[in-house]
Student: 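Sharing a structure below in structure tokens format, with a few things to ask.
Below, read A as the first sequence line, B as the second, and so on, with proteins coming before strands; counting in each chain starts at 1.
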Amino acid sequence: MSASPNDARRVRTRVAPSPTGDPHVGTAYVALVNYCFAKQHGGDFLLRIEDTDQARSTPESEQAILAALRWTGLSWDEGPDVGGPHGPYRQSERSKIYKRYADELLEKGHAFRCFCTPERLDAMRAAQRAAGTQQKYDGLCAGIGAEESARRAAAGEPYVVRMKIPATGVCVVNDVARGPVPFDYSSVDMQVLLKSDGLPTYHLANVVDDHLMEITHVIRGEEWMSSAPKHLLLYEYFGWEPPVLMHLPLLRNPDKSKLSKRKNPTGILFYQRMGYLPEALLNFLGLLLAPAPEGQEIFGVDDLTKRLDLAKISLGGPVFDVAKLDWLNGQYLRAISTEELLERTLAWGFDRARVARIASLAKSRVERLSDLVPSTAYLFAGCVAVTKESFAGTKLPVDEIRKALALAMWRLDAERTFDMAAVERVLKGVGETLGVKFRDLSRVYYVAMTGSATALPLFDSMELLGRDIVRERLRVALEALGGVTAKEQKEWGHS
RNA sequence: GGCGCCAUAGUCUAUCGGUUAGGACGCCGCCCUUUCAAGGCGGAGAGACGGGUUCGACCCCCGUUGGCGCUACCA
């Protein structure tokens with residue numbers, strides 16, 4: 001099909017995750033299409049880290065994303081870890097480049113310095129909201145003359161750089177699967193390109209990097225569709241040829257809302273820890289990208305690479321159906337030899353160091369070797385059975401238990417590194433917030449983590465279980481007790 | 001609220017104006033079987049609604065409804 005702005009150009013695609021949290025299955029999904037499309041055309045697939053948000057990006061998250069993506073089996077031709085001719089591949093290391101291009105836009109008159117304070121912008125939006133009109137920058141600073149603008153900037157007044165948008169006219173975004181999608185320029189905001197910290201926003205960095213890295217096809221999530229006019233305009237301002245655009249539907253929760261960890265496990269590493277095979281996960285995601293030939297639902301990345309057709313990707317947001325993933329994984333498990341099954345199981349959760357640590361923790365609690373497996377089974381299980389009744393032995397009222405579970409879940413999410421120390425700090429902190437002795441509180445977590453009140457030490461167990469399994473068990477326990485209402489979520493201090 | 005995307009069974013999908021609307025997961029039943037699985041066979045189950053266009057609409061157009069996204073000095 002369609003798909004190249006210039007047939008002479010080598011096809012190059014990329015996946016550009018932001019290291020602001022756990023590696024997300026959506027990232028694997030986007031990576032998979034980009035990989036297959038590039039390979040289908042004998043091109044390159046690159047990985048770029050979009051860490052321009054200094055406040056939220058962490059090196060831990062970047063490492064986790066790289067590791068998770070590597071686990072899937074996908075590989076990239078260029079990236080922060082493997083290098084390449086268009087580096088650096090980490091946006092935080094490219095600030096000077098963006099600054100230069102922002103200056104170019106300023107000089108050409110396609111952008112302007114905006115000195116508005118956050119307070120003024122808030123007030124402006126509040127007024128717009130109250131008036132029921134469209135919320136966007138009112139253009140106050142667009143009229144500031146070049147000399148005054150330069151003078152104020154030189155005087156050290158803080159500012160951001162915003163792009164100019166034509167007052168009238170229409171921008172037609174040509175989406176591979178959707179065809180032309182028109183946007184009135186009047187509905188496009190004068191987007192901030194360079195923040196007051198001197199770093200670019202996604203919009204600028206993304207366009208500059210895609211051009212410099214010679215990306216020919218941008219295949220990304222649907223959440224970017226409404227920003228496409230801005231991006232296209234930037235290519236125009238710079239005089240660059242824009243890439244072919246394709247927006248993928250977003251993965252959904254069973255209730256059709258956008259896949260979120262509040263309602264579902266979304267972490268790639270969760271699926272790894274649950275014991276899914278990466279081939280099965282990729283196969284599952286591939287099923288959402290290319291219709292299976294009649295009855296042939298089991299296929300690998302190579303086959304998907306042959307059959308992928310961007311224009312035919314189904315556009316309805318697909319529900320991430322774990323039951324189907326389970327079936328697929330079972331098919332893969334049955335297809336490999338018993339020998340390989342053993343190897344993979346050992347590699348998955350029975351490496352010597354892990355088993356040794358578990359054994360040493362269990363030692364003082366067992367009297368027979370036959371006690372070992374039953375007493376540590378919860379560390380190897382995916383989910384544990386927890387019901388309302390499981391919490392009967394705790395001394396806290398049910399609302400307190402729910403709050404304890406919710407706070408632990410949210411605060412643990414906010415921890416950069418997930419280890420014993422972090423777990424201890426968070427759980428004891430919850431005890432203080434609730435005003436209960438940790439001794440009385442701990443049982444709640446033992447139950448949520450193990451399904452019973454007897455287990456190996458809690459903090460060790462949680463570290464051993466890992467962030468993703470822990471969150472899921474907390475979530476399941478919370479659901480078993482009725483979940484959290486929106487009101488409580490607000491009252492308990494979580495946005 | 002504004003702008004945009006989307007709409008076939010519970011879920012993932014096929015159909016590119018003419019089909020008894022096909023397949024897969026899940027569910028139910030039967031077979032196999034020392035149990036349970038696995039496997040085999042079978043079954044129930046779908047075009048959101050209302051208007052057009054057409055000899056003929058799931059398919060094309062308009063509207064309604066619903067879902068989703070964006071609406072940040074986050075990506």
Student: Please check if any side-chain donor atom of A:Thr201 sits under 3.5 Å from a side-chain acceptor atom of A:Lys195, or the reverse.
Tutor: no
Student: Select base, sugar-phosphate, or nothing to describe what A:Arg178 touches, counting heavy atoms under 4.0 Å on all strands.
Tutor: sugar-phosphate
Student: Under 6.0 Å from the NZ atom of A:Lys312, do we count more than 12 heavy atoms belonging to anything else shown?
Tutor: no
Student: When the nearest nucleotide of RNA chain B is assigned to A:Gln135 and to A:Thr201 on a heavy-atom basis, which residue is associated with the more 5' position?
Tutor: A:Gln135
Student: Measuring from the side chain of A:Ser257 (C-beta onward, heavy atoms only), which nucleotide among B:C68, B:A75, B:G4 has the closest atom?
Tutor: B:C68
Student: Expressed in whole Å, how much space separates the C1' atoms belonging to B:C6 and B:A38?
Tutor: 39 Å
Student: At under 4.0 Å between heavy atoms, what does A:Gln54 touch on the DNA or RNA strands: base, sugar-phosphate, or nothing?
Tutor: nothing
Student: B:C73 P sits how many Å from A:Lys99 NZ, rounded?
Tutor: 19 Å
Student: Which nucleotide in the list B:A75, B:C73, B:G67 gets nearest to the side chain of A:Lys256?
Tutor: B:G67
Student: Taking the nucleotide of RNA chain B with the nearest heavy atom to each, does A:Leu325 or A:Phe320 sit closer to the 5' end?
Tutor: A:Phe320
Student: Quick one: label A:Cys171 by what it contacts on the DNA or RNA (base, sugar-phosphate, nothing), any heavy atom closer than 4.0 Å.
Tutor: nothing
Student: Choosing from B:A75, B:A14, B:C25, which nucleotide comes nearest the side chain of A:Ala323?
Tutor: B:C25
Student: Below 4.0 angstrom from OP1 or OP2 of B:G1, is there any side-chain N or O of A:Thr133?
Tutor: no
Student: Suppose you measure atom C1' in B:C59 against the same atom in B:G22; what distance do you get, rounded to whole Å?
Tutor: 16 Å
Student: Taking the same atom, C1', in B:U20 and in B:U65, what whole-Å distance lies between them?
Tutor: 31 Å
Student: Would you classify A:Phe284 as touching base, sugar-phosphate or nothing, given that sugar-phosphate means primed atoms plus P, OP1 and OP2, and contacts are heavy atoms under 4.0 Å?
Tutor: nothing
Student: Is there a Watson-Crick or G-U wobble partner for B:U34 with both distances under 3.5 Å, and if so, which one is it?
Tutor: none
Student: According to the Watson-Crick and G-U wobble definitions, with both distances under 3.5 Å, which nucleotide is paired to B:A24?
Tutor: B:U11
Student: With sugar-phosphate meaning primed atoms plus P, OP1 and OP2, does A:Ser196 contact a base, only sugar-phosphate, or nothing at under 4.0 Å between heavy atoms?
Tutor: base
Student: If the C1' atom of B:G50 is compared with that of B:G45, how far apart are they to the nearest Å?
Tutor: 25 Å
Student: Mind checking A:Glu297 for me? I need base, sugar-phosphate or nothing, with any heavy atom below 4.0 Å counting as a touch.
Tutor: base
Student: For A:Tyr276, run the ring pair (Phe, Tyr, Trp, His ring centres under 6.0 Å) check against A:Trp348, A:Tyr271, A:Phe270 and tell me which one passes.
Tutor: A:Tyr271
Student: Taking a pair as Watson-Crick or G-U wobble with both distances under 3.5 Å, which nucleotide is matched to B:C49?
Tutor: B:G63
Student: When you check the side-chain N and O atoms of A:Arg178 and A:His247, is any donor under 3.5 Å from an acceptor?
Tutor: no
Student: At under 4.0 Å, does any side-chain N or O of A:Lys195 touch on OP1 or OP2 of B:A75?
Tutor: yes
Student: In whole Å, measure the gap between the P atoms of B:A9 and B:G67 for me.
Tutor: 16 Å
Student: Can you tell me which nucleotide in B:C73, B:U11, B:G69 comes closest to the side chain of A:Asp321?
Tutor: B:U11
Student: Under 6.0 Å from the six-membered ring centre of A:Phe112 and within 45° of its axis: does the NZ or CZ of A:Arg162 meet both?
Tutor: no
Student: State which of B:G10, B:G4, B:G39 makes the closest approach to the side chain of A:Gln331.
Tutor: B:G39
Student: Distance check, P atoms only: B:A44 and B:G10, in whole angstrom units.
Tutor: 15 Å
Student: When you get a sec, tell me which of B:U13, B:A75, B:G69 is the closest nucleotide to the side chain of A:Ser226?
Tutor: B:G69
Student: The side chain of A:Pro291 lies closest to which of these nucleotides: B:G39, B:C25, B:A14?
Tutor: B:A14
Student: Who is the Watson-Crick or G-U wobble partner of B:A57, with both distances under 3.5 Å?
Tutor: none
Student: Does B:A44 have a Watson-Crick or wobble partner in any strand here, with both distances under 3.5 angstrom, and which is it?
Tutor: none
Student: Considering just the side-chain nitrogens and oxygens of A:Arg162, establish if one lies under 4.0 Å of OP1 or OP2 belonging to B:A72.
Tutor: no
Student: Using a 4.0 Å heavy-atom cut-off across all strands, classify A:Ser57 as base, sugar-phosphate, or nothing.
Tutor: nothing
Student: In Å, rounded to the nearest 0.5 Å, how long is the span from CG of A:Asp22 to CD of A:Glu60?
Tutor: 12.0 Å
Student: Considering only the P atoms, how many Å lie between B:U15 and B:A7, rounded to the nearest integer?
Tutor: 13 Å
Student: Indicate whether any N or O donor in one side chain lies under 3.5 Å from an N or O acceptor in the other, for A:Asn264 and A:Thr266.
Tutor: no
Student: Nearest of B:U13, B:A24, B:C68 to any side-chain atom of A:Lys258?
Tutor: B:C68
Student: Who does B:G1 pair with, Watson-Crick or G-U, both distances under 3.5 Å?
Tutor: B:U71
Student: Using the rule salt bridge (Lys or Arg N to Asp or Glu O under 4.0 Å), only one of A:Arg48, A:Arg14, A:Arg12 pairs with A:Glu78; which is it?
Tutor: A:Arg12
Student: Which part of the nucleic acid, if any, lies within contact of A:Pro19, taking any heavy atom under 4.0 Å across all strands shown: a base, the sugar-phosphate backbone alone, or nothing?
Tutor: nothing
Student: Over all strands shown, is A:Val192 touching base, sugar-phosphate only, or nothing at heavy-atom distances under 4.0 angstrom?
Tutor: sugar-phosphate
Student: Provide the distance between the two P atoms, one in B:A57 and one in B:U53, to the nearest whole Å.
Tutor: 11 Å
Student: Can you figure out which of B:C25, B:U11, B:A72 approaches the side chain of A:Arg125 most closely?
Tutor: B:A72
Student: Nearest-Å distance, CG (A:Leu204) to P (B:C74)?
Tutor: 12 Å
Student: Please determine, for the side chain of A:Val160, which listed nucleotide (B:C3, B:C73, B:U13) has the closest atom?
Tutor: B:C73
Student: I need the CZ-P distance between A:Arg220 and B:A75, as an integer number of Å.
Tutor: 13 Å
